[in-house]
**Student:** 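Structure incoming, see below.
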Amino acid sequence: ILFAIFPLVLIFAAPILGSLSDHIGKRQVILFGLGCEVVGIVLYMFDTFTPILYFARFFEAIAYAAVIHTGLALIEDNVKEKGRGKLSGWSLTTMQMGQMLAPLIGGFLADYYLKLPFVLSMGLVLALLISLTFKESKNHNKASLSDFNFISKLKIFIAHRQLKGM
């Protein structure tokens with residue numbers, strides 16, 4: 001169950017956060033995702049009870065959907081068509097390198113102090129969150145209830161003409 005929580009939450013969170021990012025702005029959704037990441041890290045750090053791990057995975061999935069998917073959409077929106085594929089490829093490659101190297105580096109750090117990988121990653125995420133928070137935003141729209149309707153987002157996705165016949 002612990003491993004299934006992440007993809008399950010991701011399936012529901014990605015379309016909702018994608019719609020929300022279109023409505024209130026990608027930066028706000030990324031900030032929300034970074035906040036969820038901090039909550040997830042704190043839950044991992046102070047885990048003494050197994051259900052806390054479930055909540056940590058829940059917040060990690062929300063953070064992933066908010067930061068990674070919205071970040072890729074930001075690249076797609078702001079980069080010219082000629083360089084879009086290259087930049088998307090580099091960002092995905094960098095992400096995969098991080099997923100490969102982080103457990104290795106975290107393992108070495110944990111040899112010194114078990115919670116050191118969490119402390120350092122939380123420090124990095126907090127620094128990024130703070131730096132992005134004080135950067136000026138251009139979009140100040142408010143969210144509506146329709147932004148959180150998963151079924152309507154799924155219907156829109158299924159009805160999309162370019163996806164038919166895939």
Side-chain angles (χ1 to χ4, degrees), residues 1-75 91-135 137 139 141-158:
I1 294 175
L2 182 63
F3 292 107
I5 288 173
F6 190 91
L8 183 66
V9 171
L10 195 61
I11 287 169
F12 291 99
I16 291 170
L17 291 170
S19 175
L20 199 59
S21 74
D22 290 340
H23 190 71
I24 66 169
K26 291 175 178 44
R27 188 171 160 274
Q28 285 79 8
V29 172
I30 289 173
L31 289 173
F32 171 73
L34 291 173
C36 286
E37 182 70 23
V38 169
V39 171
I41 292 170
V42 168
L43 289 173
Y44 283 129
M45 283 176 58
F46 298 109
D47 173 41
T48 56
F49 187 54
T50 304
I52 291 176
L53 283 176
Y54 297 138
F55 287 110
R57 292 287 288 175
F58 175 84
F59 282 106
E60 288 284 323
I62 299 284
Y64 187 91
V67 175
I68 301 299
H69 294 154
T70 306
L72 287 173
L74 195 60
I75 290 171
S91 65
L92 290 171
T93 300
T94 305
M95 184 180 71
Q96 294 302 320
M97 288 173 55
Q99 288 178 346
M100 179 182 67
L101 294 174
L104 179 67
I105 295 168
F108 286 125
L109 293 173
D111 284 342
Y112 296 105
Y113 175 60
L114 189 59
K115 295 185 180 192
L116 186 59
F118 298 107
V119 171
L120 289 178
S121 62
M122 186 172 62
L124 289 171
V125 173
L126 277 173
L128 182 59
L129 180 63
I130 291 168
S131 70
L132 288 176
T133 299
F134 292 111
K135 194 174 182 182
S137 177
N139 192 349
N141 294 335
K142 292 186 178 179
S144 66
L145 283 177
S146 65
D147 291 327
F148 299 97
N149 187 345
F150 174 75
I151 301 298
S152 72
K153 302 303 173 200
L154 185 62
K155 286 179 183 176
I156 291 169
F157 177 76
I158 291 171

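The first residue in the sequence is number 1, and the count goes up from there. Heavy atoms only: backbone and side chains are in, while hydrogens, waters and symmetry mates are out.
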**Student:** In Å and rounded to the nearest 0.5 Å, what is the CG to CZ distance from L43 to F118?
**Tutor:** 11.0 Å
**Student:** Side chains of L17 and L20, heavy atoms from C-beta outward: is any pair under 4.5 Å?
**Tutor:** yes
**Student:** Can you find a pair of side-chain heavy atoms, one from Y64 and one from L10, that are under 4.5 Å apart?
**Tutor:**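 Yes. Closest side-chain heavy atoms under 4.5 Å.
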**Student:** Can you give me the closest heavy-atom contact between V9 and F58, atom names plus distance?
**Tutor:** CG2-CD1, 3.4 Å
**Student:** Main chain of G40, side chain of R57: is a donor-acceptor contact present, judged purely on distance under 3.5 Å?
**Tutor:**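 Between the backbone of G40 and the side chain of R57 there is no qualifying donor-acceptor contact (under 3.5 Å).
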**Student:** Roughly how far, to the nearest 0.5 Å, is CZ of F55 from CZ of F49?
**Tutor:** 10.0 Å
**Student:** Closest approach of A65 and A13, non-hydrogen atoms and distance?
**Tutor:**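 Of all heavy-atom pairs spanning A65 and A13, the closest is CB-CB, 4.1 Å.
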**Student:** Please report the closest heavy-atom contact between I41 and E60, naming both atoms and the distance.
**Tutor:**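 In this case the closest contact between I41 and E60 is N-OE2, 4.1 Å.
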**Student:** Compare every heavy atom of A63 with every heavy atom of G33, then report the nearest pair and how far apart it is.
**Tutor:**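 For G33 versus A63, the nearest heavy atoms are O-CB, 3.2 Å.
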**Student:** Any side-chain heavy-atom pair from Y44 and I52 closer than 4.5 angstrom?
**Tutor:**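 A side-chain contact is absent here, since even the closest heavy-atom pair is not under 4.5 Å.
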**Student:** If you measure from CD1 on I105 to CG on L120, what distance do you get to the nearest 0.5 Å?
**Tutor:**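 Those atoms lie 10.5 Å apart.
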**Student:** May I ask you to decide if I16's main-chain N or O and S19's side chain share a donor-acceptor pair within less than 3.5 Å?
**Tutor:** no
**Student:** Within a radius of less than 6.0 Å around CZ of F6, do more than 12 heavy atoms belonging to other residues, nucleotides or ligands occur?
**Tutor:** yes
**Student:** Hey, what do you get for CZ (F108) to CG (D111), rounding to the nearest 0.5 Å?
**Tutor:**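 Those atoms lie 7.5 Å apart.
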**Student:** What distance separates L126 CG from S121 OG, expressed to the nearest 0.5 Å?
**Tutor:** 9.5 Å
**Student:** Check the surroundings of atom CG in L104: do more than 12 heavy atoms from other residues, nucleotides or ligands lie under 6.0 Å from it?
**Tutor:**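 Yes, the 6.0 Å shell around CG holds more than 12 heavy atoms from other groups.
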**Student:** About how many Å separate CG of L116 and CE of M45, when rounded to the nearest 0.5 Å?
**Tutor:** 9.5 Å
**Student:** Among L129, T70, V67, I62, which residue satisfies the side chain to side chain contact (heavy atoms under 4.5 Å, CB included) criterion with F32?
**Tutor:**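 Going through L129, T70, V67, I62 one by one, the side chain to side chain contact (heavy atoms under 4.5 Å, CB included) with F32 is satisfied by I62 alone.
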**Student:** Step by step, would you call L72 with L92 a side-chain contact (heavy atoms from CB on, under 4.5 Å)?
**Tutor:** CA-CA 9 Å; L72 287 173; L92 290 171; 3.8 Å; yes
